[in-house]
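One-based numbering, in listed order, for ligands and for the atoms of each.
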Amino acid sequence: AKSKGRDIYCIFTPDMYQQALKLLQLENDLKRAIERQEFLVYYQPIVCFETGKISGFEALVRWQHPSLGMVAPADFIPVAEETGLIAIIDTWVLQTACQQLRSWQQQAVIDPQISIGVNISVRLFSHPNLLEIIDQAWRDVNLNPRNLKLEITESAIMDNSEAATTILQILRESNIQLSIDDFGTGYSSLSYLHRFPVNTLKIDKSFVNCLEQSPRNIGLISSIISLAHKMEMKAIAEGIETSEQLTVLRELGCDFGQGYYFSQPLDANSALELLALNHKW
Ligand code: C2E
Ligand code: CA
Ligand code: CA
Ligand code: CA
């Protein structure tokens with residue numbers, strides 16, 4: 001039995017033991033994966049509704065495990081968050097994504113506006129060297145910071161909202177773009193929004209999923225979009241899977257969209273090929 005403080009005991013069951021072992025194993029695997037560079041970055045296009053064309057990509061990490069194959073973020077990000085390893089992974093994804101976009105710009109004729117979105121975990125956002133890490137990522141490869149977009153969740157910002165405001169301001173002053181990711185699923189305290197100098201609200205896919213199911217769902221999304229616009233921000237809807245969803249979102253005045261309807265996340269080569277097709281949705 002394990003003491004959880006005075007008088008409270010919790011039985012450490014064989015089940016929990018197995019689970020703890022699994023976690024430890026995963027943590028060790030992750031450490032090794034970082035050393036051996038088993039991670040990959042996939043790129044999912046983001047489509048501008050005004051032009052119908054790709055306006056950028058979101059960088060999404062993948063783990064190419066030697067025996068398990070491709071592991072999805074949902075299966076290792078929580079452990080990486082808990083152990084702090086996520087800050088190392090995020091930094092690598094950030095550097096790789098900046099490098100990739102710069103390399104596309106140099107090897108192909110791509111629209112200079114094409115941006116790359118990178119997820120910043122709570123851990124990295126509160127890292128003492130956050131600003132240096134970000135600065136170095138775009139400077140190292142000579143990328144215009146306007147092409148870099150950081151996706152930050154409400155919880156990362158709300159954990160320490162005063163420090164967060166300062167950090168966001170500094171990032172905006174260096175022309176980096178900022179999105180609030182999974183908007184509406186976190187603390188959702190609207191009172192802070194006006195203080196944060198962000199460019200975009202990303203409407204979570206859980207709202208987009210059930211879009212067609214009721215007028216209330218449409219009302220909710222419509223409100224997020226007008227909220228964004230009234231605060232001089234853009235709205236991106238993620239998780240668009242059907243043409244019906246796309247039609248509704250367009251009618252509601254949403255600015256950008258992302259989802260399987262357009263494309264799954266792709267490896268770098270396939271992403272550039274898709275971009276070169278210059279398809280109009
Ligand atoms: P997210 O930031 O909300 O990213 C969007 C997720 O939705 C991605 O899952 C993407 O593949 C998936 N998705 C895109 N379109 C659709 C669609 O039409 N339908 C459905 N059902 N899903 C769609 P993914 O790549 O598995 O990543 C899951 C989460 O893991 C991400 O959610 C993000 O929170 C986290 N993540 C991924 N890469 C990174 C990273 O490099 N750093 C950090 N800190 N987190 C990451
Ligand atoms: Ca994201
Ligand atoms: Ca998201
Ligand atoms: Ca999400």
Side-chain angles (χ1 to χ4, degrees), residues 30 33-34 37-47 54 56-64 69-100 115-127 130 133-134 137 148-157 159 177-186 198-212 235-246 249 254 256-268 270-271 274 281:
L30 272 176
I34 291 170
Q37 310 202 0
E38 292 170 2
F39 296 102
L40 283 174
V41 180
Y42 270 41
Y43 300 88
Q44 188 177 34
I46 293 171
V47 172
I54 294 175
F57 294 89
E58 176 175 3
L60 294 159
V61 73
R62 297 290 178 266
W63 179 10
Q64 183 74 64
M70 202 74 99
V71 184
D75 295 327
F76 67 90
I77 297 256
V79 178
E81 278 273 1
E82 223 168 282
T83 53
L85 293 170
I86 190 69
I88 303 174
I89 299 173
D90 277 354
T91 303
W92 179 81
V93 172
L94 172 71
Q95 291 166 344
T96 306
C98 287
Q99 211 166 54
Q100 187 57 254
S115 65
I116 193 84
V118 177
N119 292 287
I120 304 291
S121 61
V122 178
R123 288 280 195 152
L124 182 57
F125 191 72
S126 56
H127 195 286
L130 172 78
I133 290 170
I134 292 170
L148 178 60
K149 195 158 192 170
L150 304 179
E151 301 196 357
I152 304 161
T153 58
E154 290 167 294
S155 18
I157 302 177
D159 269 3
Q177 299 185 64
L178 303 172
S179 297
I180 297 188
D181 205 354
D182 303 342
F183 184 75
T185 64
V198 296
N199 308 83
T200 338
L201 297 184
K202 265 193 113 163
I203 304 170
D204 191 65
K205 58 175 178 287
S206 58
F207 298 125
V208 176
N209 264 343
C210 55
L211 181 69
E212 308 101 316
I236 302 189
E238 64 176 26
I240 301 175
E241 294 183 356
T242 68
S243 63
E244 290 77 21
Q245 290 166 348
L246 173 60
L249 286 161
C254 192
F256 300 93
Q258 177 181 357
Y260 298 161
Y261 178 76
F262 304 112
S263 166
Q264 301 251 347
L266 303 167
D267 64 60
S270 310
L274 182 65
W281 276 280

Provide the number and element of each atom of ligand 1 under 4.0 Å from a heavy atom of [X].
X: E241; answer: 17 (C), 18 (O), 19 (N), 20 (C), 21 (N)
X: G259; answer: 15 (N), 18 (O)
X: I240; answer: 18 (O)

Select the closest option to [atom] among [options], judged by heavy-atom distance.
atom: atom 33 (C) of ligand 1; options: V61, N119, V118; value: N119
atom: atom 27 (O) of ligand 1; options: P73, P45, A72; value: P73
atom: atom 6 (C) of ligand 1; options: K205, Q264, Q258; value: K205

Are D204 and T185 linked by a side-chain donor-acceptor pair shorter than 3.5 Å?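 Side chains of D204 and T185: no pair found under 3.5 Å.
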
Angle subtended at the Ca ion (ligand 2) by N119 OD1 and D181 OD2, rounded to 10 degrees: 80°

What is the name of the N/O/S atom in E58 that sits closest to the Ca ion (ligand 2)?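 This turns out to be OE2.
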
With respect to the Ca ion (ligand 2), please indicate if E151 possesses an N, O or S atom at a distance under 3.0 Å. yes

Value for CD1 (I54) from CD (Q258), rounded to nearest 0.5 Å, stands at 11.5 Å

Using modelled atom types only, decide if a donor and an acceptor are shared between the side chain of E154 and the backbone of F183 within a distance under 3.5 Å. no

Mind listing the side-chain donor-acceptor pairs of residues 72-88 below 3.5 Å, one per line with the distance, residues two or more places apart or on another chain?
unit_1, atom_1, unit_2, atom_2, d
T83, OG1, V79, O, 2.8
T83, OG1, A80, O, 3.4

Ligand 1 N/O within reach of Y261 N/O, cut-off under 3.5 Å: no

Look only at interatomic distance and state if D204 has a nitrogen or oxygen under 3.5 Å from any nitrogen or oxygen of ligand 1. no

